[in-house]
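Just below is one structure, and these are the notes that go with it.
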Amino acid sequence: MTFSQNILIWYAQNKRTLPWRRTRDPYKIWLSEIMLQQTRVVQGTPYYLKFVANFPTVYDLAASSEEEVLKLWQGLGYYSRARNLHATAKMVVEEYEGNFPNTYEGLLKLKGVGDYTASAIASICFDEAQPVVDGNVYRVLARYFGVDIAINSTEGVKYFKELAREVMDTENIRDYNQGIMEFGAIQCAPKKPYCLHCPLNESCVALQGNKIEKLPVKLNKTKVRNRYFNYLVPVIEAKDGDLRTVLAQRKGKGIWQNLWEFPLLECQAEANLEKVKQFLPEILELKDIPEVTPLNEQLIVHKLSHQHLHTRFWKVKTKTDLTNSIPIKNLEDYPVPVLIADFIERLKNSYF
DNA sequence: AACTCGGGGAC
DNA sequence: GTCCCAGAGTT
């Protein structure tokens, strides 16, 4: 029995029932594929269901605002995916009459759709024989064929794509592609794969050579950058007695583009009260002398894959009614990073 | 070719 | 702590 035949049989017997497996609708497949980029199925699934409920068709998504899309995306990370998602929905509606391209080449032109996603949509929706090579496929192929070329090297990317193309089942590409990914996720797992009862164990080069834990090979460990964030949280007592505060939208390059946060003072190291008071006028233009107090004693360390954000929130109590101030009860309407969302959650449970 | 972009779960 | 997830875009 061939490699692909084994994959197809395993898939038929072991596949999970996932919401996007009941359809060939390119819109829904595209949505699921974007959401699952670098994201586990268990984490992405509730977001997929939320999006399908709010935006049943590409027209609904295109008619929404980026702000709404980011709000629904909040917490899923890699927010450029959400911005590209919205831009692509508008493009499909305005330039493609609401129809997604039905070929690999056509799909590649869409923002946020790269080699993997174009292959996935083309094969799943249109039965086009394009191999998918995601993290799961790299692992399965590296182990089964005993390939020790780094999967994230230029040579490796090219080699594994060609290998994937050679061993794919062109007649059953839809099930085969999903099958090899599912096989990698469930059976040929990164750690402690279930080799004992694996249908491919007798011919698996890595297993026979006792190299399961050494494959796949991956280079370049990410180095973490430490950053020191001071969020200045204005607390303004309005005339009606309500509390107001201020949010700012992150612009330009870097993390959390177009998401909202409190006015930020970033320093080279942990800042004390004097430091915050010194630079506060550059962040907030106040007419009075505010009362500034730290809201967390220990720095909150928010960990991203490549940055550690050492964060302190400062209450800035003022009587200046800043322009663009908003009622504190409206804070939850804005798309914010998890770091800010967690803070707002504590705020609800009376932080002041 | 190397870097950047989130957050979370498994270990 | 480490690894990695149904990767893409930029420099």
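Residue numbering restarts at 1 for every chain, and letters A, B, ... go by the order of the sequence lines.
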Using a 4.0 Å heavy-atom cut-off across all strands, classify [X] as base, sugar-phosphate, or nothing.
{"X": "A:L18", "answer": "base"}
{"X": "A:G75", "answer": "sugar-phosphate"}
{"X": "A:T117", "answer": "sugar-phosphate"}
{"X": "A:N177", "answer": "nothing"}
{"X": "A:W73", "answer": "nothing"}
{"X": "A:R21", "answer": "base"}

Quiz item: So which residues get pulled into A:I289's cluster when ILVMFWY side chains under 4.5 Å apart are joined, directly or through others?
Solution: none
Self-check item: Hydrophobic cluster of A:F279, others only, ordered by chain and residue number, side-chain cut-off 4.5 Å
Solution: A:L232, A:I236, A:V246, A:L265, A:L273, A:V276, A:L280, A:I283, A:L284, A:L286, A:V292, A:W314, A:V316, A:L322
Quiz item: Sequence neighbours excluded, which residues qualify as ring-ring contact (aromatic ring centres under 6.0 Å, His included) partners of A:Y11?
Solution: none
Practice problem: Answer yes or no: is there an ion pair linking A:E345 with A:K348, defined by an N-O contact shorter than 4.0 Å? | Solution: yes
Quiz item: Hey, is A:E66 close enough to A:R83 for a salt bridge, meaning N to O under 4.0 Å?
Solution: no
Quiz item: For DNA chain B, whose closest nucleotide is more 5', that of A:S153 or that of A:L339?
Solution: A:S153
Practice problem: Would you kindly compare A:E155 and A:V336 by the position of their nearest DNA chain B nucleotide and give the one closer to the 5′ end? | Solution: A:E155
Practice problem: Could you measure between the two P atoms, the one in B:dG8 and the one in C:dA8, and give it in whole Å? | Solution: 22 Å
Quiz item: Roughly how far apart, to the nearest Å, are C:dA6 and B:dC3 at atom P?
Solution: 25 Å
Quiz item: What residues, two or more places apart in sequence or in another chain, satisfy side chain to side chain contact (heavy atoms under 4.5 Å, CB included) together with A:D333?
Solution: A:N330
Quiz item: What pairs meet the side chain to side chain donor-acceptor pair (under 3.5 Å) rule with one or both residues in residues 87-101 of chain A, with sequence neighbours excluded?
Solution: none
Self-check item: Residue mapping more 5' on DNA chain C - nearest nucleotide basis, A:S305 or A:A118
Solution: A:S305
Quiz item: Pairs in or reaching into residues 250-276 of chain A: which pass salt bridge (charged side-chain N to carboxylate O under 4.0 Å, His left out), with residues at least two apart or in two chains?
Solution: A:R227-A:E266, A:R250-A:E261, A:E270-A:R312
Quiz item: Between A:K223 and B:dC3, does any side-chain N or O lie under 4.0 Å from OP1 or OP2?
Solution: yes
Quiz item: Does A:H306 have a side-chain nitrogen or oxygen under 4.0 Å from the phosphate oxygens OP1 or OP2 of B:dT4?
Solution: no
Scan the side chains in residues 101-114 of chain A for donor-acceptor partners under 3.5 Å anywhere in the protein, sequence neighbours excluded, and list what turns up.
unit_1, atom_1, unit_2, atom_2, d
A:T103, OG1, A:G106, N, 3.0
A:Y104, OH, A:D115, OD1, 2.4

Self-check item: Members of residues 30-46 of chain A that approach DNA chain B, where some heavy atom sits under 4.0 Å away
Solution: A:Q38, A:T39, A:R40, A:Q43
Quiz item: When you measure from every atom of DNA chain B, which of residues 247-263 of chain A have a heavy atom less than 4.0 Å away?
Solution: A:G254, A:I255, A:W256
Quiz item: What are the bounds, 5' to 3', of the part of DNA chain C that sits under 4.0 Å from heavy atoms of chain A?
Solution: C:dG1 to C:dT11
Exercise. Using whole Å, report how far OH of A:Y78 lies from C1' of B:dG6.
Key: 6 Å
Review item, side-chain donor-acceptor pairs of residues 45-55 of chain A, under 3.5 Å, at least two apart:
unit_1, atom_1, unit_2, atom_2, d
A:T45, OG1, A:V41, O, 2.6
A:Y47, OH, A:Q74, O, 2.8
A:K50, NZ, A:L72, O, 3.2
A:N54, ND2, A:K50, O, 2.8

Practice problem: Could you go through the side chain to side chain donor-acceptor pair (under 3.5 Å) check for A:R22 and A:T17 one step at a time? | Solution: CA-CA 8 Å; A:R22 309 178 206 128; A:T17 54; over 6 Å; no
Result block: side-chain N/O donor-acceptor pairs under 3.5 angstrom for residues 174-181 of chain A, not counting sequence neighbours:
unit_1, atom_1, unit_2, atom_2, d
A:R174, NH1, A:I124, O, 2.7
A:N177, OD1, A:V132, N, 3.4
A:N177, ND2, A:S123, OG, 3.0
A:N177, ND2, A:Q130, O, 2.8
A:Q178, OE1, A:R21, NE, 3.3
A:Q178, NE2, A:R174, O, 3.3

